[in-house]
Amino acid sequence: YDPDFLGDGFSVPMPALSDALRAQAFADAVQVPYTHFSLVMHARRRVAIVAANNIDAARKVQVSGGLTWRMDERVGEFQLGSEVYAGNQLDRGHMVRREDVLWGTVPEARCANEATFFFANAAPQHQNFNQDEGVTLEDWVLDRATDFSYRLCVFTGPVLRDNDPTLDDLPATLRTAYRAIGQAQIPAAFWKVIVLRDGTAAGEDLSVVAFAMRQSEMWNDKQGRQLLHLKVHQVTLEAIEEW
């Protein structure tokens with residue numbers, strides 16, 4: 001992740017962590033670098049506290065996906081592995097979406113594509129949310145936000161709470177056999193922040209839009225996107241900071 005990606009002296013740094021959250025982060029909140037994005041991991045929950053990526057829609061490249069997920073040796077045991085997602089209705093929800101980082105030269109785009117398939121870049125998302133409402137917000141970032149600016153800085157993360165459910169806490173209709181070693185908690189909510197140059201201000205200002213969605217309110221159906229209005233899910237930066 002490049003904080004100076006927007007250019008002309010504008011800097012969009014990684015979010016700072018509170019002392020309490022830093023104490024729970026992997027390796028003192030080190031930024032784990034990948035092509036076009038970076039992650040800060042939560043040691044106990046084994047998912048990203050925050051994922052930060054740059055988007056350059058003017059240099060978008062088409063690269064085929066469908067790669068095999070693998071563990072990142074740099075993160076080791078502090079990432080949820082394949083056992084969490086086996087034999088149930090949980091998807092490996094990309095924190096940094098594959099399509100967002102497919103830009104630059106073809107070799108760059110291929111490296112970025114492969115990097116998004118590390119388990120460190122995944123968080124448990126129920127398939128009814130990940131393939132429905134969740135993807136609607138991801139589509140908005142590329143399809144609508146890039147109408148205002150080709151270059152974006154995007155931050156994504158889960159809302160991690162001690163009372164987040166495990167798969168066993170879900171109704172039987174929303175799960176099948178759970179074969180994980182130990183119980184991994186499922187984040188009930190996710191947030192996303194998009195920062196871009198304000199074209200209406202002649203490049204003098206930054207604009208930001210923030211969203212939050214509770215997957216626990218959306219995983220009971222498979223067609224929620226048909227009635228989804230993203231404005232309902234707009235929130236303030238202050239709310240995300242508090243969460």
Side-chain angles (χ1 to χ4, degrees), residues 1-18 21-22 25 29-42 47-61 93-104 108-109 112 115-116 120-121 123 133-160 187 189-213 228-243:
Y1 173 74
D2 179 5
D4 300 320
F5 183 72
L6 298 184
D8 293 336
F10 289 101
S11 183
V12 186
M14 286 282 282
L17 303 187
S18 66
L21 188 54
R22 176 176 288 275
V30 64
Q31 296 180 27
V32 186
Y34 302 88
T35 303
H36 302 325
F37 71 97
S38 299
L39 304 175
V40 176
M41 302 297 294
H42 194 288
V47 295
I49 295 173
V50 58
N53 68 280
N54 305 118
I55 296 177
D56 189 344
R59 301 173 62 203
K60 187 171 176 57
V61 176
H94 282 82
M95 290 294 91
V96 173
R97 191 188 190 191
R98 189 184 75 85
E99 290 85 348
D100 285 1
V101 292
L102 299 185
W103 55 267
E108 274 184 307
T116 62
N121 187 42
E133 293 93 348
V135 77
T136 300
L137 177 55
E138 292 176 334
D139 287 344
W140 184 91
V141 174
L142 279 183
D143 297 341
R144 297 299 304 276
T146 51
D147 287 343
F148 300 95
S149 176
Y150 284 138
R151 288 192 162 215
L152 309 175
C153 292
V154 181
F155 304 97
T156 305
V159 179
L160 301 177
F190 293 87
W191 56 267
K192 188 178 291 289
V193 173
I194 302 100
V195 185
L196 49 82
R197 298 282 293 277
D198 186 352
T200 64
E204 295 298 323
D205 296 311
L206 295 181
S207 288
V208 60
V209 61
F211 298 92
M213 287 183 170
L228 184 67
H229 296 286
L230 285 179
K231 285 186 177 182
V232 174
H233 300 281
Q234 277 190 256
V235 298
T236 64
L237 286 178
E238 290 79 9
I240 294 175
E241 288 175 343
E242 181 180 353
W243 296 331

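Given the structure is predicted, the values throughout are model-derived calculations rather than measurements. In this chain, numbering begins with 1 at the start of the sequence shown.
- Here the CE atom belonging to Met41 is positioned 6.5 Å from the CG atom belonging to Leu39, to the nearest 0.5 angstrom.
- Here the closest non-hydrogen pair linking His94 and Glu138 is O-OE2, 4.0 Å.
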Verdict with supporting geometry, Val208 and Val12, side-chain contact (heavy atoms from CB on, under 4.5 Å): CA-CA 11 Å; Val208 60; Val12 186; over 6 Å; no

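- The nearest pair of heavy atoms linking Trp243 to Ala212 is CZ3-CB, 3.5 Å.
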side-chain contact (heavy atoms from CB on, under 4.5 Å) between Trp191 and Val159, worked out: CA-CA 7 Å; Trp191 56 267; Val159 179; 4.0 Å; yes

Worked check of side-chain contact (heavy atoms from CB on, under 4.5 Å) between Ile49 and His42: CA-CA 6 Å; Ile49 295 173; His42 194 288; 3.6 Å; yes

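- Here the CD-NZ distance, from Glu99 to Lys60, works out to 6.5 Å after rounding to the nearest 0.5 Å.
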Verdict with supporting geometry, Arg97 and Val154, side-chain contact (heavy atoms from CB on, under 4.5 Å): CA-CA 10 Å; Arg97 191 188 190 191; Val154 181; over 6 Å; no

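- Contact record, Ala123 with Met95: CB-CE, 3.8 Å, taken as the closest heavy-atom pair.
- Distance check: Ile194 CD1 to Ser207 OG gives 11.5 Å after rounding to the nearest 0.5 Å.
- Between the side chain of Arg197 and the backbone N or O of Leu6 there is at least one donor-acceptor pair closer than 3.5 Å.
- Across every non-hydrogen atom of Phe37 and Ala112, the tightest pair is CE2-O, 4.4 Å.
- Within the model, atoms CG of Leu152 and CZ of Phe5 stand 8.0 Å from one another, a figure rounded to the nearest 0.5 Å.
- For the pair Phe155 and Pro13, the tightest heavy-atom approach, listed with the atom from each and the gap, is CZ-O, 3.6 Å.
- Partners of Val61 according to the side-chain contact (heavy atoms from CB on, under 4.5 Å) rule, which considers only residues two or more places apart in sequence or in another chain, are Val63, Val106, Ala109.
- Judged by distance alone, the side chain of Trp103 and the main-chain N or O of Asn54 form a donor-acceptor pair under 3.5 Å.
- At least one side-chain heavy atom of Asp100 sits under 4.5 Å from a side-chain heavy atom of Leu142.
- Minimum interatomic distance between Ile55 and Asn53 (heavy atoms only, all atoms of both residues): CG1-ND2, 3.4 Å.
- In this structure Arg151 satisfies the salt bridge (charged side-chain N to carboxylate O under 4.0 Å, His left out) test together with Asp56, sequence neighbours excluded.
- Here the CZ atom belonging to Arg59 is positioned 5.5 Å from the CD atom belonging to Glu108, to the nearest 0.5 angstrom.
- Between the side chain of Asn121 and the main chain of Thr116, a donor-acceptor pair closer than 3.5 Å is present.
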